[in-house]
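Everything below concerns the one structure shown next.
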Amino acid sequence: MKKNAMSLRDALIEALGADAAPNAGQYPASVPLFEAPKARFAEAAAVLKAREARLVAEWATDETPFGRGFGVWALYNAGDEYLTVKCGVPYDAPEFPSLTKTYLGAWRFERRMQSLMGVEPAGHPDTRPWIKHEDWPKDAFPLRKSFDGETYLQRVEGDYRWVRAEGEGVYEIPVGPVHAGIIEPGHFRFQAVGEDIINLEERLGYVHKGIEKRFESLSWTDGARLAGRVSGDTTVAHAMGYCQALEAAAGCAAPPRAQWIRALLLERERIANHIGDIGAISNDAAFTFLLYQTAILRERMLRTNKTLFGHRLTMDMVVPGGVAVDVSAGAASAIQDELASVSGEFERLVRICEDNPSLEDRVYGAGTLSAALAKEMGVVGLVARASGQNLDARVQYPTPPYADIIPAVPRLRSGDVHARVWVRVEEVRDSIRIIREILRYLPSGPLVTGCPAPRPGAMGISVVEGWRGEIIWWLQAGPKSEINRAMARDPSMVTWLALEQAIKGNIVPDFPLCNKSFNQSYSGNDL
Amino acid sequence: MFRILHQIFRTGIVTEPLAPGEEARVTLTGRRLEEAILRRFRQSLTIRLVDAGSCNACELEIQAVNNPFYDAERFGIHFTASPRFADMLLVTGPVARNMEVALKRTYDAISEPKLVVAIGDCAYDAGAFGPGYATRRSVADVVPVDAFIHGCPPAPSAILAGILKAVGREG
Ligand code: SF4
């Protein structure tokens with residue numbers, strides 16, 4: 001029998017025995033929750049890692065409204081199994097064992113937890129704040145209940161310690177936070193010898209808006225609108241993630257027709273973003289022609305959205321309990337016509353790409369993320385698939401209609417810019433197929449169902465494959481059935497870290513191209 | 001190469017006049033537009049964008065004004081990497097605390113006369129994010145604003161029409 005044939009759940013129970021206490025308050029029940037003593041939290045991580053589990057997310061809760069201290073949570077995945085481990089942390093001794101020795105991906109999760117919740121990861125090698133910049137008061141922990149989220153924080157003096165590389169001929173290039181193009185802000189610091197990048201350090205958090213804190217002052221219904229603005233280019237996927245987690249916690253389900261329409265919008269979002277990215281990456285590889293051509297295709301799709309659904313980016317269409325729009329027979333045939341024309345044009349552009357040797361030269365071998373590193377860092381989505389990882393939440397965690405219409409999950413092994421472009425190309429094709437099937441078999445019935453507020457203490461979790469990759473939402477109801485905690489894990493939170501690794505050994509002028517091929521979200525990371 | 005030429009031929013010219021139905025919802029503030037600004041902008045308009053905490057959807061729609069449908073260049077509108085050459089500052093987002101200093105610095109780096117146009121509902125009144133510990137109430141709390149373009153996000157046609165309105169030209 002293979003070592004990892006045992007489920008994560010059984011492995012955890014075997015190792016921790018009665019110290020792994022099941023908690024039935026998290027829904028759906030298919031994602032089990034175990035509470036472990038704090039002293040065995042890191043051991044649980046090591047046990048799961050030995051079973052090939054990936055660390056999906058790690059976060060903290062302030063549970064003083066329940067008369068408890070803090071909660072520290074880790075979500076793991078292997079194959080189609082997701083599992084949560086929680087440990088309680090006393091309020092007056094806010095410290096927990098760091099998972100960084102076992103999981104590289106814990107690095108930034110824990111810096112974020114330390115910065116925003118004030119829980120200390122003991123043994124973490126990097127104690128610098130993350131998201132929270134140096135001019136924040138040291139004792140400002142916005143996610144604590146005692147923190148006033150409505151008052152603008154004053155500024156204090158402070159200093160950020162950059163990683164320094166020393167040696168002959170090493171020089172530093174700081175870039176940002178404001179960049180040259182029409183893009184989001186972030187700071188990159190390169191250390192280079194000649195043109196070769198020997199180190200890149202990212203510093204993000206510039207667009208931190210206190211989104212997670214704000215949820216705690218919203219109604220469950222109003223939360224959907226904010227979820228749709230965590231990362232505007234991913235509005236459908238994030239609104240879906242929020243609504244599915246809410247529906248799980250509340251014990252209701254969107255009607256079948258609504259779930260299929262959500263998937264239709266999700267696949268449209270994937271196509272529009274992938275097509276736009278293919279053009280933008282080509283543009284950074286000095287092939288401007290493609291940028292304009294793909295921009296036309298993208299614009300056509302957004303116009304169809306406006307005509308059929310009333311919003312170019314289909315914001316606010318996914319609502320708790322269902323959807324706010326229907327797909328009439330006329331709309332269905334309009335989408336079929338549009339897809340036929342987009343698909344034809346797209347294939348023509350792909351052939352032009354394949355014909356263009358100068359483009360190929362730039363994209364092969366650039367910004368390589370090895371399969372081993374992608375796995376080690378817990379990277380997800382198209383970046384993971386371009387580095388050989390068999391990861392797609394639509395397959396590993398299928399919600400309707402993906403149990404019936406199974407996505408193709410294209411994979412490449414090379415992990416370079418070319419692979420990331422090519423995974424997008426294949427996914428555009430497959431999403432077109434998925435939409436056609438959705439339209440063919442779209443169930444009839446209501447668009448929305450009434451959902452009660454979750455019971456006090458109930459927790460809901462969801463996994464949605466957005467166009468960048470796996471998105472996690474985790475919601476917890478407080479003692480009055482209010483939102484006690486809303487946690488969003490955008491793919492960017494894990495994948496930004498991988499860009500630092502993939503860029504090493506590339507030349508400085510190739511950074512924009514490599515960065516664009518990852519195209520991670522700043523807003524989705526910074527929250 | 002042959003395929004490229006063929007594609008250009010197939011695509012033809014897609015630019016279109018700004019549709020009258022897509023008139024921008026714009027708030028012009030009390031800042032007086034100097035004659036000098038109007039004269040200077042008559043030739044061309046160079047824009048610097050600062051994302052001060054947007055959700056990134058406003059950036060998508062600003063990018064779209066450069067696509068062949070809207071083709072902002074035909075109005076002499078160019079985006080620049082350097083604030084020193086900019087005539088206009090476009091700002092998105094409710095002004096995140098961590099972007100406030102960078103926004104002010106960019107504003108200061110643009111030479112007078114200069115126009116500031118704030119794009120999107122959250123730039124107007126913090127929108128979906130609301131004012132809070134990490135967000136201002138409006139871009140106008142940080143830098144003087146000449147015009148707000150409403151929408152979440154505003155459509156590219158509204159952005160283009162709003163920019164033209166802000167400099168006192170008709171779309
Ligand atoms: S106005 Fe709306 S779309 Fe634009 S950045 Fe703000 S939240 Fe996003």
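Below, chains carry the letters A, B, ... as their sequence lines are ordered, and counting in each starts from 1.
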Kindly assign one of parallel, tilted or perpendicular to the pair A:His208 and B:Tyr133, based on the angle between their ring planes and the thresholds 30° and 60°.
tilted

Approximate separation, where rounding is to 0.5 Å, of A:Arg229 CZ and B:Asp121 CG:
8.5 Å

A:Arg214 (side chain) donor-acceptor with B:Phe129 (main chain) under 3.5 angstrom
yes

At a heavy-atom separation under 4.5 Å, does A:Ser231 approach chain B through its side chain, its backbone, both, or neither?
both

Which atoms of B:Arg136 approach chain A - backbone, side chain, both or neither, heavy atom under 4.5 Å
both

Does some side-chain heavy atom of B:Pro153 sit less than 4.5 Å from a side-chain heavy atom of A:Met315?
yes

Taking B:Gln63 for its side chain and A:Ile182 for its backbone only, find out whether a donor-acceptor pair lies under 3.5 Å.
yes

Check for a donor-acceptor pair, side chain of A:Lys209 on one end and backbone N or O of B:Ser54 on the other, with a separation under 3.5 Å.
yes

Return the option, out of B:Pro131, B:Ala64, B:Gly127, B:Cys152, with the maximum number of heavy-atom pairs under 4.5 Å with chain A.
B:Cys152

Considering only heavy atoms, which portion of A:His179 lies under 4.5 Å from any heavy atom of chain B: side chain, backbone, both, or neither?
backbone

Pick from B:Asp51, B:Leu49, B:Asn56: which one has the most heavy-atom pairs with chain A under 4.5 Å?
B:Asn56

Side-chain donor/acceptor of B:Arg97 to backbone N/O of A:Leu153, under 3.5 Å:
yes

With distance as the sole test, does B:Asn67 use its side chain to make a donor-acceptor pair with the main-chain N or O of A:Ile296 at under 3.5 Å?
no

